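As the structure is a prediction and not an experimental result, all values here were calculated from the model.
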Amino acid sequence: MENPRKQPDPIGNNLLRALRADDWEILERRLEQWSAPAGTLLHEPGDAVRYAYFPRGSALVSYRVVLSDGRAIETALIGREGAVGGIVSQGRLPAYARAEVQLGGSFFRIDLHHLEEAKLRSLTLRHLFARYADCLMAQVFQSVACSAAHSIEQRTARWLLAATERTGAENLAVTQEQLATMLGVGRSYLSRVIRDLRQRGVIETRRSRLAVRSPEGLRSHACECNAAVSHHFNDVLKGVYPAEENGVTGGPGMPHRKEQ
């Protein structure tokens with residue numbers, strides 16, 4: 001059932017909604033509405049990064065490190081809480097990792113030259129994006145620790161939980177083979193984990209999709225990593241990490257958070 005307290009969100013990205021009204025006015029004129037299907041590559045390692053992308057609604061982007069054997073291991077998921085590409089860098093620097101659209105949808109994007117111009121005009125805009133970069137780095141740190149210390153079951157549950165929180169969607173267009181590759185595990189190991197979660201009524205499997213039926217069940221199987229990242233977001237950028245029960249608050253044209 002739809003939350004009656006939840007207000008329409010024409011922006012669709014929590015990081016942009018956290019901007020002060022004057023900063024939004026600076027940035028809005030340069031933002032371009034853009035859409036992309038799943039599988040779209042935003043950039044590959046070594047590419048000059050030309051744009052920053054802000055996923056909207058249920059759009060989801062995966063950062064992946066490409067190994068010499070061709071595997072592409074995920075290091076971070078970016079959804080409506082954040083942005084991809086050149087947020088704090090100066091100019092069009094080369095990308096280190098692959099950025100791929102995991103769940104297709106709509107985005108705002110901005111040319112990095114225009115973004116740099118906007119940041120030169122506003123100290124609070126620079127501070128907000130620097131805080132987001134800190135949160136993204138925390139996610140990468142936690143991902144490294146998670147891969148080293150936690151079981152495949154815990155990591156699978158953590159990924160599914162992170163994806164549903166970031167997108168607000170229960171049905172995820174991801175295959176078991178794709179998920180196994182992103183987690184850096186064998187397909188047979190992941191299949192056993194998926195079968196166990198399905199038997200427990202936590203998820204359902206459909207053609208090229210995984211559907212979450214019990215978020216609480218996922219939390220009981222997941223490690224602490226997703227919660228740790230969420231807590232850091234709330235410490236550094238309160239209200240930016242998705243919290244469905246809180247509905248939509250803040251944003252341009254509505255009460256804004258003040259830069260601390």
Side-chain angles (χ1 to χ4, degrees), residues 2 6 9 12-14 33-44 53-66 70-85 97-109 139 143 146 152-219 221-222 225-226 229 241-242 244:
E2 186 176 351
K6 189 173 181 179
D9 180 14
N13 179 278
N14 292 0
Q33 296 196 44
W34 187 76
S35 62
T40 300
L41 295 179
L42 304 183
H43 55 69
E44 287 276 33
Y53 299 86
F54 299 86
R56 303 172 67 194
S58 60
L60 194 67
V61 176
S62 175
Y63 267 130
R64 305 185 192 184
V65 172
V66 181
R71 289 181 298 162
I73 309 302
E74 184 180 274
T75 57
L77 270 179
I78 315 296
R80 53 187 167 151
E81 84 290 350
V84 177
R98 172 183 296 168
E100 181 175 343
V101 177
Q102 183 62 48
L103 297 180
S106 63
F107 297 77
F108 281 121
R109 74 175 185 177
Q139 186 184 167
S143 177
C146 184
I152 297 174
E153 180 185 56
Q154 289 174 310
R155 293 166 58 202
T156 301
R158 185 263 303 168
W159 191 94
L160 293 171
L161 192 61
T164 55
E165 287 180 351
R166 283 169 168 80
T167 63
E170 295 178 347
N171 295 301
L172 304 172
V174 59
T175 66
Q176 294 185 40
E177 183 174 358
Q178 288 172 327
L179 184 53
T181 299
M182 288 188 292
L183 295 176
V185 302
R187 168 68 186 276
S188 59
Y189 289 106
L190 183 70
S191 294
R192 289 197 290 270
V193 169
I194 294 295
R195 183 172 62 248
D196 182 64
L197 291 174
R198 185 178 64 239
Q199 291 173 347
R200 293 172 184 267
V202 176
I203 64 172
E204 290 181 6
T205 55
R206 301 173 180 174
R207 184 176 179 83
S208 301
R209 289 181 177 270
L210 294 173
V212 175
R213 289 292 166 258
S214 173
E216 287 304 318
L218 275 181
R219 289 188 182 92
H221 287 82
C225 293
N226 197 56
V229 171
Y241 192 88
E244 191 69 23

- Task: Starting from the C-alpha separation in whole Å, work towards a yes-or-no answer on side chain to side chain contact (heavy atoms under 4.5 Å, CB included) for L77 and Q139.
- Result: CA-CA 8 Å; L77 270 179; Q139 186 184 167; 4.0 Å; yes
If I take atom [atom1] from residue [X] and atom [atom2] from residue [Y], how far apart are they, to the nearest 0.5 angstrom?
X    : Y    : atom1 : atom2 : answer
S62  : W159 : OG    : CH2   : 7.5 Å
I194 : L160 : CD1   : CG    : 6.0 Å
L210 : R198 : CG    : CZ    : 10.0 Å
L42  : W34  : CG    : CH2   : 5.0 Å
C225 : L161 : SG    : CG    : 11.5 Å
R195 : T205 : CZ    : OG1   : 11.0 Å

- Query: Any chance the side chains of S191 and R187 put a donor and an acceptor closer than 3.5 Å?
  - Reply: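 A donor-acceptor contact under 3.5 Å links the two side chains.
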- Item | Results of side-chain contact (heavy atoms from CB on, under 4.5 Å) for T181 - residues two or more places apart only |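 Scan of T181 (side-chain contact (heavy atoms from CB on, under 4.5 Å), adjacent residues dropped) gives none.
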- Query: Got a sec, which residues hit side-chain contact (heavy atoms from CB on, under 4.5 Å) with A157, two or more places apart in sequence or on another chain?
  - Reply: L218, H221, A222
- I would like to know whether Q102 and R64 meet side chain to side chain donor-acceptor pair (under 3.5 Å); could you show each step before the answer? CA-CA 11 Å; Q102 183 62 48; R64 305 185 192 184; 2.7 Å; yes
So, for [X] and [Y], which heavy atoms are closest and what is the spacing to 0.1 Å?
X    : Y    : result
N14  : Y241 : ND2-C, 4.2 Å
L60  : A163 : CD2-CB, 4.1 Å
T167 : S58  : CG2-O, 3.4 Å
I78  : P55  : O-CG, 4.0 Å
N13  : G82  : ND2-O, 2.9 Å
R209 : N171 : NH1-O, 4.0 Å

- From CA spacing to verdict: salt bridge (Lys or Arg N to Asp or Glu O under 4.0 Å), D196, R200: CA-CA 6 Å; D196 182 64; R200 293 172 184 267; 2.9 Å; yes
- Query: Do the rings of Y53 and F107 sit parallel, tilted or perpendicular, given the 30° and 60° boundaries?
  - Reply: perpendicular
- Note on the structure: So the salt bridge (charged side-chain N to carboxylate O under 4.0 Å, His left out) pairs with at least one residue in residues 166-176 (sequence neighbours excluded) are E81-R166, E170-R213
- Message: One pair to check against side chain to side chain contact (heavy atoms under 4.5 Å, CB included): Y63 and R98. What are the steps and the verdict?
- Response: CA-CA 6 Å; Y63 267 130; R98 172 183 296 168; over 6 Å; no
Qualifying residues under salt bridge (charged side-chain N to carboxylate O under 4.0 Å, His left out), relative to [X], sequence neighbours excluded:
X    : answer
E74  : none
R206 : E204
R56  : none

- Task: Carefully, step by step, assess L179 and M182 under the rule side chain to side chain contact (heavy atoms under 4.5 Å, CB included).
- Result: CA-CA 5 Å; L179 184 53; M182 288 188 292; 4.2 Å; yes
- Task: Go through V212 and V202 one step at a time and tell me if the side chain to side chain contact (heavy atoms under 4.5 Å, CB included) criterion holds.
- Result: CA-CA 6 Å; V212 175; V202 176; 5.6 Å; no
